[in-house]
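Structure record follows, encoded as structure tokens.
We're numbering straight along the sequence, starting at 1.
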Amino acid sequence: MRLPIIGLDLEEVSHLICSLHGASYNSRQLLTWLYRKKVRSIDEMTDLPKTLRLKLQEQHHTEILKPSHVASDKDGTKKLLFEHNELIYETALIPEEKRFTVCLSTQTGCRFGCRFCATGGMIFRGNLDAFHIIQQVYHGFLERDVTNIVFMGMGEPLDNLESVLKSIQILTAEWGFAFPSRKITVSTVGLQPALQKLIDQTKVNIAISLHSPFHEERKYLMPVENAHPIMEVLDSIQWRNWPRTRRLTFEYILLKDINDSYAHARTLAKLALRYRARVNLIQFNPVERHPELLSPSENRIVEFESWLRAKRVSVTLRKSRGQKIHAACGMLAAKIV
């Protein structure tokens, strides 16, 4: 069975080329074709010796997976569902006027059981490797030029740290996609020491899934608060040493009568200003397993945003996208599993 080349890094490709008796510089040539130029036909990699190309084709391939299901919404959002080796996961492609974002999954299911997340209700089936992650990016580039990449799909990225770090290296390295780190964001519930490793070993933006500034309430919404209290996580981040180009964001899903009061906004604002963080307000996509969770009214959402702005917090209101196609992470896969 031929093995995939997509998802391999420079060291792995160098070993591969050496085993096929190629020259050392052929490794970078191959990766330039594959990642920078996004050419997946080995025959078209014309600066590689023909004998090397034939050997590569005998043992390896550069194909990407075909989605088992594609759903499109009228707002342009696309959800791709992949099924491979008992792994079921999704990719969301989100177009805007000047941006095109690929939202990546890193796991099938999730171990952390956040109440508001559809993925949290799925049985955890395993981690995705770099091949599964990078081929999701490829599907984005098949649509149009990708401007932003977010690790915000199914799973907790820092629970699959090795594959996430490897994928980020492939995305940002000059021998890889050469994609700017400032255009990549990794979302996490806040796992230490994995978070510190991500901060130390990459230059990507960090988004903390906060969702409540109060300890007991966050425990109700996010059981991870028991093991990793958010204040301890935030205090461990060496955010004062960050360059201004590297962003720290607090993600905050608004839930009716739970975390949408003025007291929440006031405390959230204090945290955001203390840690120089932006706030990303997210409109809630209801999940079937917790029908008691509801989205606030449009008026309350706008009011909550205005409370934060009055405190001079940098805030973005993220409108819900792709509701007709179950675009919240895990919603489509949950219907298949």
Heavy-atom distance under 4.5 Å between the side chains of L128 and S105, does that happen here? yes

Margin query: Does any part of the side chain of L30, heavy atoms only, come nearer than 4.5 Å to the side chain of M45, both counted from C-beta?
Written below: yes

Residues passing the salt bridge (Lys or Arg N to Asp or Glu O under 4.0 Å) test with D129, sequence neighbours excluded, are none

Exactly one of R53, K50, Q57 clears side-chain hydrogen bond (donor to acceptor under 3.5 Å, both in side chains) with D43, and that residue is Q57

Salt bridge (Lys or Arg N to Asp or Glu O under 4.0 Å), that's the test. Do R28 and E174 meet it? Break it down for me.
CA-CA 10 Å; R28 289 179 178 270; E174 54 85 19; 2.4 Å; yes

Audit row: R247, T185, side-chain contact (heavy atoms from CB on, under 4.5 Å) steps and yes/no: CA-CA 9 Å; R247 292 182 180 177; T185 300; over 6 Å; no

Is T108 reaching over with its side chain to a backbone N or O of I88, donor-acceptor style, under 3.5 angstrom? yes

Side chain proximity check, S163 to I133, heavy atoms < 4.5 angstrom: yes

- Item | Test: E58 and K55 ion pair at under 4.0 Å | no

Scan side-chain atoms only and decide if E225 and H215 contain a donor-acceptor pair under the 3.5 Å cut-off.
yes

Report yes if some heavy atom in the side chain of L308 is under 4.5 Å from a heavy atom in the side chain of L281; otherwise report no. yes

Sequence neighbours excluded, the answer for salt bridge (Lys or Arg N to Asp or Glu O under 4.0 Å) partners of R99 is E96

Exactly one of V189, T188, T106, L165 clears side-chain contact (heavy atoms from CB on, under 4.5 Å) with L158, and that residue is T188

side-chain contact (heavy atoms from CB on, under 4.5 Å) for I237 and Y275? Distances and angles first, verdict last. CA-CA 9 Å; I237 298 174; Y275 294 101; over 6 Å; no

Side chains of Q196 and D200: is there a donor and an acceptor less than 3.5 Å apart? yes

- Task: Assess the side chains of T77 and D75: does a donor N or O sit below 3.5 Å from an acceptor N or O?
- Result: yes

side-chain contact (heavy atoms from CB on, under 4.5 Å) with Q107: of E156, M122, M154, only one passes, and it is E156

Handout entry: Shared hydrophobic cluster, L142 / V70 (ILVMFWY, side-chain heavy atoms < 4.5 Å)
Key = yes

Given the options T249, L271, I230, I208 meets side-chain contact (heavy atoms from CB on, under 4.5 Å) only with I230

Should we say atom CZ of R182 is surrounded by more than 12 heavy atoms from elsewhere, each under 6.0 Å from it? no

Tell me whether R289 contacts the main-chain N or O of C117 through its side chain, where contact means a donor paired with an acceptor under 3.5 Å. yes

Heavy-atom closest pair (K311 atom, L273 atom, distance to 0.1 Å) is O-CD1, 3.4 Å

Nearest heavy-atom approach of V313 to A272 is CG1-CB, 3.9 Å

Subject >> Residues, nucleotides or ligands: over 12 heavy atoms within 6.0 Å of R144 CZ >> reply: yes

In plain terms, say whether K166 and E12 are close enough for a salt bridge, that is, a side-chain N and a carboxylate O under 4.0 Å apart. yes

- Task: Evaluate whether atom NZ of K38 has more than 12 neighbouring non-hydrogen atoms of other residues, nucleotides or ligands under 6.0 angstrom away.
- Result: yes

